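Bear in mind the structure is a predicted one, so any value in this text is a computation, not a measurement. FYI, side chains are in, hydrogens and waters are out, and symmetry mates aren't considered; it's all heavy atoms of this structure. Proteins come first, then strands; the chains are lettered A, B, ... in the order of their sequence lines, and each starts at number 1.
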2 protein chains.
Amino acid sequence: MTRSLPQADRPLPLLSTTAEYALRALAELAIAPPAEQIRSVDLAARTGVPEAYLSKVLRKLVSHGLLHGSKGHGGGFSLAKPAGRIRFIDVLEAVDSMPATERCAFGRPRCSTTNPCPLHPAWARLKHGFLEWAQTTTLAEVTGGAARGGSSRKSDRT
Amino acid sequence: MTRSLPQADRPLPLLSTTAEYALRALAELAIAPPAEQIRSVDLAARTGVPEAYLSKVLRKLVSHGLLHGSKGHGGGFSLAKPAGRIRFIDVLEAVDSMPATERCAFGRPRCSTTNPCPLHPAWARLKHGFLEWAQTTTLAEVTGGAARGGSSRKSDRT
DNA sequence: TCGGCTATGGACATTGTTGTCTATTGACAT
DNA sequence: ATGTCAATAGACAACAATGTCCATAGCCGA
């Protein structure tokens, strides 16, 4: 029960540790039966994240409307929307882990496509790729690979 | 002369601050006349990076064979190879800023394509995009916007 | 040969992120 | 009503990344 998965040994610069924790918890909730409430402690155990810290992360997710938390006996957390409507970018923003994409990597105060710094094109490509990923990926992808959420506006059967 | 560009206000999780500093300095060297030596102090001023810290970063780049540093009067730093042969991935590795791409974002000890964790596909896409970027982008792109580096096996002049 | 210049190297300070602890608040069961 | 359970909230500690400082080693010009 208290299996304690290994936690993030080295921080990986692509995503902050906090962001990774948030995604782990949300993924765990996404693959659970829809209306099930999962306690903070259990989420921590399943995801290998320190209890107290995860608690803080979950709070942020609640305050940003991604999770619903209920107190008392039988309480716990559950997704506040269908998985298909929770984009990774929403998660990252909720835990303050979105890169400052406007900033010039070269340090220039003003840097744009028309007046680019030397690093501009390379930096722009990286940012674009990341943004694309964060915007198009949702928690629905986590559930068995099929879309369980309201992502596609057509009929999503499976 | 001591113009002091603005430095990284907020750290952006995509690239560590140190990695960004390294890229700034290398870009500055890449756009300078080929054989010119630039002093650490001048590089710091031009890139807006704290002198002493940049010095440490430059040392790493030297020890990894990306830069050549010469002491004494008239000394300074210069690229150790043609810009087209310095890939961003080389830079990131030199300053220990490459994400641990093997690690499972979900925390699973064993996680592979055949036995994937819920986050695996999404995580794999992000990693792949980043790796692709780091491997194919070289300092040559920084100079004037021309040739994307020594990737093309044809003649790369300039 | 001498003196200043510049990179090199390591010790140390600072800061933000991560992680821990102790209350308080609200909900459910009895 | 009461006690227990679990989320909420904020203060505090540990740690790694960032930033600063000072001494040493090698190079150049005079």
Grab the OH-P distance between Tyr53(A) and dT18(C) for me, whole Å please.
-> 4 Å
What is the nucleic acid contact for Arg39(B), judged by heavy atoms within less than 4.0 Å: base, sugar-phosphate only, or nothing?
-> sugar-phosphate
Quick one: label Val62(A) by what it contacts on the DNA or RNA (base, sugar-phosphate, nothing), any heavy atom closer than 4.0 Å.
-> sugar-phosphate
Quick one: does Val95(A)'s side chain get under 4.5 Å of Thr18(A)'s, heavy atoms only?
-> yes
Can you name the nearest heavy-atom pair linking Arg46(A) to Ile38(A), along with the distance?
-> NH1-CD1, 3.6 Å
Return no unless some side-chain N or O of Ser40(A) is found under 4.0 Å from OP1 or OP2 of dA6(D).
-> no
Between the side chains of Ser16(B) and Tyr21(B), does any donor sit under 3.5 Å from an acceptor?
-> no
So, the side chain of Thr136(A) versus the backbone of Glu132(A): is there a donor-acceptor pair under 3.5 Å, distance only?
-> yes
Do the side chain of Lys56(B) and the base of dG9(C) come within less than 3.5 angstrom through a donor-acceptor pair of N or O atoms?
-> no
Between N or O atoms, less than 3.5 Å apart, protein on one side and nucleotides 27-29 of chain C on the other: list the pairs.
none

Qualifying residue for side chain to side chain contact (heavy atoms under 4.5 Å, CB included) with Cys104(B), from Ser112(B), Pro109(B), Cys111(B) | Cys111(B)
Between dA6(D) atom C1' and Glu36(A) atom CD, what is the distance in whole Å?
-> 16 Å
Specify the separation, in whole Å, of atom CG of Leu43(B) and atom C1' of dA7(C).
-> 12 Å
Going by atom types only, do Ser78(A) and Gln37(A) share a side-chain donor-acceptor pair under 3.5 Å?
-> yes
When Phe77(B) and Arg59(A) are each assigned the nearest nucleotide of DNA chain C, the 5'-most assignment goes to Phe77(B)
Leu54(B) has an atom CG; how far is it from atom P of dT6(C), in whole Å?
-> 15 Å
Between Leu58(A) (CG) and dT18(C) (P), how many Å, whole number?
-> 15 Å
Nearest whole angstrom, please: distance from the C1' of dG19(D) to the OH of Tyr21(B).
-> 8 Å
Which part of the nucleic acid, if any, lies within reach of Ser55(A) when heavy atoms closer than 4.0 Å are counted: base, sugar-phosphate only, or nothing?
-> base
Whole-Å distance, Leu61(B) CG to dT8(C) P, equals 11 Å
Please state how far atom CD in Glu20(A) lies from atom C1' in dT18(C), giving the value in whole angstrom units.
-> 13 Å
Would you say Val142(B) and Leu139(B) make side-chain contact, with heavy atoms under 4.5 Å?
-> yes
